[in-house]
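By convention in this document, chain letters (A, B, ...) are assigned in the order of the sequence lines, proteins followed by strands, and residues within each chain are numbered from 1.
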2 protein chains.
Amino acid sequence: MPSINVEDYLKHIYYLQEEGDAVTTSSLAGQLNIASASVTDMVKKLSGQHYLRHSPYRGVQLTEKGRRSALKIIRKHRLWEMFLSEVLHFGWDEIDEEAEKFEHIMSDKMEERIDEVLGFPRVDPHGDPIPAKNGTVKNIRAFPLSDAPEGNSVRVLRVNDANPELLQYVSSIGLSLNKRLSVKQRIKFDKSLIIKIGSKEIAISTVAAENIFVESV
Amino acid sequence: MPSINVEDYLKHIYYLQEEGDAVTTSSLAGQLNIASASVTDMVKKLSGQHYLRHSPYRGVQLTEKGRRSALKIIRKHRLWEMFLSEVLHFGWDEIDEEAEKFEHIMSDKMEERIDEVLGFPRVDPHGDPIPAKNGTVKNIRAFPLSDAPEGNSVRVLRVNDANPELLQYVSSIGLSLNKRLSVKQRIKFDKSLIIKIGSKEIAISTVAAENIFVESV
DNA sequence: TTATTAATTTAGGCTAACCTAAATTTCTGA
DNA sequence: TCAGAAATTTAGGTTAGCCTAAATTAATAA
Ligand SMILES: [Mn+2]
Ligand SMILES: [Mn+2]
Ligand SMILES: [Mn+2]
Ligand SMILES: [Mn+2]
């Protein structure tokens, strides 16, 4: 059974891999808020346990074993977020932090009970897919709002859950999952957008728009 | 913020104190499944942090600070047991083990939410009192079934939750919290009892009877 | 009272997971 | 293409929490 720390390493390696970035010592160190030298140590240990392959100075890649372990944690994390949101009525800006701890101590039995109680949800409260027990993950066909062309009408499918303040902001302008909006204008100068939600028009920064993922409707 | 290990030490010291036993290095070592030498180390640390007072070779005693910390954990433990039982339908023989982990990572906010969802329960699924937020604990006026005189009619108020097999056994003979039963006969030879539950008469060992707590009705 | 036994503490060690500073390798741009 | 910068690894160290074996203190029973 991997330790809590090992689980967090594997999860973050999976995330970085998912984003297509090279998974380097420093990218991991950045994610985990740990010194690079410490990451190197752990990477060697994980490599010895066949969770990943390590080309020194180049980066790491999860093995199948590592991928499976990562997905188990991510499944627990997202189910738990769902539970906090649906059953205990926590806000979507609070749940990631709580789930960060619970993902490691939730038994498989508890995972199943929660899955049942929730009616076998497919996505978490931020629109991220909940991996299936067999290791399958449906990937979400969404592009960043910042890439939407002028005039486009779109629907929110996912919001990056890494930053609670972004989530609060997104709520505060009346956006949430599955909400529709249209892109009125793209400002060349700072790449910000003017969007229309319901009858309101709102200016939104690139930083925000890059973290809101949508599909065309 | 005390670590997980510190919290478990404080909790077990509280339990032993509660039972009226002297809290010695070896009794703690027994409860925690840790070598006595290690307990001595930790006790010195806790004493340095004023969680308890230590008379070398004699034993320990919680300070007010230690007592408060212990009760906070016990409250979380018992609320969580309640939640597992009521909301996720776990059996009363499974919940102690799960709660052992969750008690340490449940935030105060989550504690409150759960308390609300459950309707502010006063006892846990084993009949143990749930300490109030202010550090008050109602103590339960119950005596062991093994002390009940012949002919007595009693009601189950609490069952020791330390042994899952005992809990399974208690369920299997049709007993649960608040159930009534009467003592038909005390067998001198092995101190076992014949009890009547509903219309059934059942023989029950002393070991079992010592862990079932009742009040006269 | 004193000698044995039992409980406790001390001494010395280990592992996981972190750190900083120094050495090494790779990348980059003139 | 090669020197300086950036990234990575190595070296050496720390802390929490555990362990076993040895030394010390307390309890007990003849
Ligand atoms: Mn985590
Ligand atoms: Mn999420
Ligand atoms: Mn515990
Ligand atoms: Mn209990």
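Contact annotation: Thr40(A) does not reach the phosphate of dT10(D) (side-chain N/O to OP1 or OP2, under 4.0 Å). Contact annotation: Ser38(B) does not reach the phosphate of dG17(D) (side-chain N/O to OP1 or OP2, under 4.0 Å).
What separates OH of Tyr57(A) from C1' of dT25(C) is a distance of 5 Å, to the nearest Å. Whole-Å rounding puts the Asn33(B) CG to dC18(D) P distance at 11 Å. Summarising the geometry, the separation between NE2 on His104(A) and C1' on dA17(C) is reported as 14 Å, rounded to the nearest angstrom. Regarding Asp41(A), its CG atom lies at a distance of 14 Å from the C1' atom of dA21(C), rounded to whole Å. When the C1' atom of dG17(D) is taken as reference, atom CD1 of Ile34(B) falls 8 Å away, rounded to whole Å. Residue Leu32(B) contributes atom CG, which lies 19 Å from atom P of dA16(D) at whole-angstrom precision. Spacing between atom NZ of Lys44(A) and atom P of dA16(C) amounts to 15 Å, rounded to whole angstrom units. Taking atom NE2 on His54(A) and atom P on dA7(D), their separation rounds to 15 Å, with Å as the unit.
Residues from residues 4-28 of chain B lying near DNA chain D, meaning a heavy-atom separation below 4.0 Å, are Asn5(B), Tyr9(B) in numerical order.
The residue from Lys76(B), Lys11(B), Glu7(B) that alone fulfils the side-chain hydrogen bond (donor to acceptor under 3.5 Å, both in side chains) condition with His104(B) is Glu7(B). With Asn160(A) as reference, Asn211(A) is the one residue of Asn211(A), Asp128(A), Ile212(A), Leu167(A) to meet the side-chain contact (heavy atoms from CB on, under 4.5 Å) rule. When Val39(B), Ile13(B), Leu46(B), Thr24(B) are each tested for a side-chain contact (heavy atoms from CB on, under 4.5 Å) with Val60(B), only one passes: Ile13(B).
Nearest-nucleotide mapping onto DNA chain C: of Ala37(A) and Arg58(A), the residue sitting toward the 5' end is Ala37(A).
In this structure, Phe102(A) and Trp80(A) have parallel ring planes: the angle between them is below the 30° cut-off, well short of the 60° mark.
For the pair Asn163(B)/Tyr169(B), no side-chain contact is recorded, criterion being any heavy-atom separation below 4.5 Å from C-beta on. Met106(B) is listed as a side-chain neighbour of Ile114(B), based on a closest heavy-atom distance under 4.5 Å.
Between Glu64(A) and Arg67(A) there is a salt bridge, with a side-chain nitrogen of the basic residue lying less than 4.0 Å from a carboxylate oxygen of the acidic one.
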